[in-house]
Structures are given as C-alpha cells and as structure tokens.
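Here the structure comes first, spelled out in structure tokens, and everything after it is commentary.
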Amino acid sequence: VETRIQSELEVRIRKLEMSSTEEIERRARTLIATAMERLASAQSVETTTTVVTLPNDEMKGRIIGKEGRNIKTIEQLTGVEVIVDETPGAIIVSGFNPIRRHVAKKALDQLISDGRIHPGRIEEAIDKAKKEISQDIKRAGEEAAYELGVAGLDPKLIQLLGRLKFRTSYGQSVLQHSKEVAWLSKMLAQELGANVAVATKGGLLHDIGKSVDHEIQGSHPEIGYDIMKKFGLPEEVAYISIAHHEDNPKTLEGIICKVADAVSGARPGAR
C-alpha cells in the first residue's frame, strides 16, 4: 500500500508546501502594502542647488573683485569653491559640505540683491547667513521630532537631525527620507506587534551619521551608532543605524527599519 500511494503522497505534500508559501508571501505583501497606503507623503523632493543666478554678467566681475579679492574672501570664510565660468547669468558654488554650500549661496544672494560687494560687507553677509542657517537647522530638527512624537532627544542631537535637511541622497532630502522611514517603521511595528517607540525613534535617527559623515572617518551606519550611544540612547535604538545596512538584522525592529528604508528610497519619485 505504501509503495502504491507514495507518489500520490509526494504530490500532495508538494501542493501543501506551495500553498503555505504562497499564503505567507500574500500576507507579507498585504502587510507592507497596508503600511505604505497609510503613508501618503509628497513625492516632490527639495534638492539643495549650488547654482547662484545673477541679474547680469557684469555682476561676475564685481563678485571676483579687484585682483580677485572678493572671491578669495568668500572662499576663505565659507570653505567652498566659487566657480565663475562662461555660463550666462550664473555662478556655481562647489564643495563637499552641503551646509557650507548653502551658507555661501545665501550670502551671495544677499550680496547680489544689495549690490555693495567688498570684503567687509562679505564678512557681514556670511555671518548673517550662518546664523539664519543655524536657526533653520534647529527648527527643522525640532519639527521632525515633534511630528513623529519622539521626545527627550538631546538639543545637540536635534541639531544633527536638522542638518539632514541640507543633505541629499540620490536627490532625495535625507531629513524627508528619515521622517518617511520613521512613519513606515511605526506603522509596520503596529501591524507586527513590535516595539513601536524603538522602531519610530530608530527610523528617524537611522541616517544620523550622514549629518557628519564628510567630517568624520568611517561609514554612516557606524558613525550613527556611535552618535546615538554618545547621547545615551538605548542599544536597541542605536543598533538600528547598523541594522538598516545589514543583510540579516538581529532584531525585529531592525528588520522593520531596513524594509521601511528600502520602501522610502524605492517608491516612485523618491530618487
């Protein structure tokens, strides 16, 4: 009897295995789709431009100044390179640090609208731009934390979070991406019964290393982990910074943030 029905049994077992695998995959897809549907954020992404538009080409000579003194002052005080080439009605600000680039652009816009360009005036404009950017960074960090209900973060950590507003990754604002990852992580954690607070906080801070990765040696997951530990965040939250770049994260919250990170970066219009 056993010999006779062996082939029938094998077919039956294979059918059962296939149907259970399909059911698991279908449920997983439904789960992720539900969380994605619950987050409908804007798809237009702000990118930090480094082109400064000029009212006329005569302004290029005034920015360069006598024997190049104006352009030298701008470059020394901001730490960026100002490229004046044949491009009509524009000059380019070049530099690795997005915040320095933004300070230089803001100061140049101010100087161009004012019309008075000399070393003393340049210094004033750059100081003013630095103060404005610093306030903007703090406000952006506070708003992001408030929006996601993440409380008790150190003011310096809030400042680092705000800096991500001026950092882009494949054209996507890293702060906007971090907020999306936090929302998606929160929703997936609610669906899966994971620790919602850990997933949300970890999702919001998973890319915090990118705020200083051009100033410190190392990759942004390790830098992010060190920053979070330095500011006294629990191990399970700090680990998410490393988890979102690991093949097999050790915690459920780590897996959730890895999925949310992929969803935020891959959806249409993000990058």
Side-chain angles (χ1 to χ4, degrees), residues 45-48 50 78-80 94-103 130 133-134 136-145 148 150-185 195 197-251 253-266 270-271:
V45 178
E46 292 174 26
T47 55
T48 311
T50 51
T78 57
V80 298
S94 168
F96 285 112
N97 189 318
I99 293 170
R100 285 181 188 173
R101 255 189 351 248
H102 213 78
V103 166
K130 278 180 181 171
I133 296 279
S134 181
D136 198 10
I137 284 169
K138 187 171 177 250
R139 192 162 51 243
E142 284 171 349
E143 281 171 7
L148 280 138
V150 174
L153 294 180
D154 189 283
K156 284 179 185 168
L157 196 55
I158 292 275
Q159 194 85 5
L160 288 175
L161 184 64
R163 284 181 74 159
L164 295 175
K165 181 181 176 180
F166 299 107
R167 175 81 151 77
T168 57
S169 178
Y170 302 98
Q172 184 183 28
S173 160
V174 177
L175 182 60
Q176 181 63 26
H177 163 70
S178 296
K179 278 156 61 174
E180 278 179 14
V181 171
W183 277 119
L184 286 164
S185 298
N195 188 323
V198 168
T200 310
K201 197 175 276 193
L204 183 62
L205 300 172
H206 80 286
D207 267 347
I208 198 77
K210 285 188 178 177
S211 63
V212 290
D213 66 349
H214 43 254
E215 296 162 17
I216 297 174
Q217 210 169 3
S219 63
H220 79 267
E222 279 79 23
I223 295 169
Y225 176 81
D226 292 342
I227 287 170
M228 287 200 252
K229 290 301 281 181
K230 184 184 169 187
F231 287 107
L233 287 168
E235 174 64 28
E236 62 265 29
V237 175
Y239 169 68
I240 285 170
S241 180
I242 293 172
H244 82 281
H245 272 265
E246 277 188 331
D247 288 337
N248 297 303
K250 294 192 278 284
T251 64
E253 291 75 20
I255 295 167
I256 285 170
C257 284
K258 187 176 167 68
V259 170
D261 182 50
V263 169
S264 170
R271 295 182 176 180

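What you see is a predicted model, and the numbers here were worked out from it, not measured in a lab. For the numbers below, each heavy atom of this structure counts, side chains included, while hydrogens, waters and symmetry mates do not.
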Do the side chains of [Y] and [X] get nearer than 4.5 Å, heavy atoms only?
X	Y	result
Ile240	Leu205	no
Ile137	Phe166	yes
Ile227	Val212	yes
Asp261	His177	yes
Lys138	Pro155	no
Trp183	Ser264	no

Under the rule for side-chain hydrogen bond (donor to acceptor under 3.5 Å, both in side chains), what residues qualify as partners of Lys229, not counting sequence neighbours?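 For Lys229 the side-chain hydrogen bond (donor to acceptor under 3.5 Å, both in side chains) partners, ignoring immediate neighbours, are Glu235.
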Who pairs with Asp154 by side-chain hydrogen bond (donor to acceptor under 3.5 Å, both in side chains), at least two apart in sequence or on another chain?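 For Asp154, no residue satisfies side-chain hydrogen bond (donor to acceptor under 3.5 Å, both in side chains) once neighbours in sequence are set aside.
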Donor-acceptor pair, side chain of Arg101 and main chain of Gly95, under 3.5 angstrom: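 Yes.
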Between the side chain of Ser134 and the main-chain N/O of Lys130, is any donor-acceptor distance below 3.5 Å?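 A pair under 3.5 Å: no.
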Working to the nearest 0.5 angstrom, can you tell me the gap between [X] [atom1] and [Y] [atom2]?
X	Y	atom1	atom2	value
Gln217	Glu222	CD	CD	12.5 Å
Arg163	Asp136	CZ	CG	13.5 Å
Ile99	Lys165	CD1	NZ	11.0 Å
Glu142	Leu153	CD	CG	10.5 Å
Ser241	Asp207	OG	CG	7.5 Å
Lys230	Lys156	NZ	NZ	6.5 Å

Nearest heavy atoms of [X] and [Y], plus distance in Å:
X	Y	result
His244	His220	NE2-NE2, 3.5 Å
Ser94	Val80	O-CB, 3.5 Å
Leu161	Gly141	CD2-O, 3.8 Å
Ala199	Ser185	O-CB, 3.5 Å
Ile216	Ile223	O-CD1, 3.8 Å
Pro249	Ala243	CG-O, 3.6 Å

Step through it carefully: locate the ring centre of His245, locate the ring centre of His206, and say whether they are under 6.0 Å apart.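 No, the ring of His245 stays outside the 6.0 Å limit from the ring of His206, centre to centre.
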Check step by step if side-chain contact (heavy atoms from CB on, under 4.5 Å) holds for Leu233 and Leu157. CA-CA 11 Å; Leu233 287 168; Leu157 196 55; 3.8 Å; yes
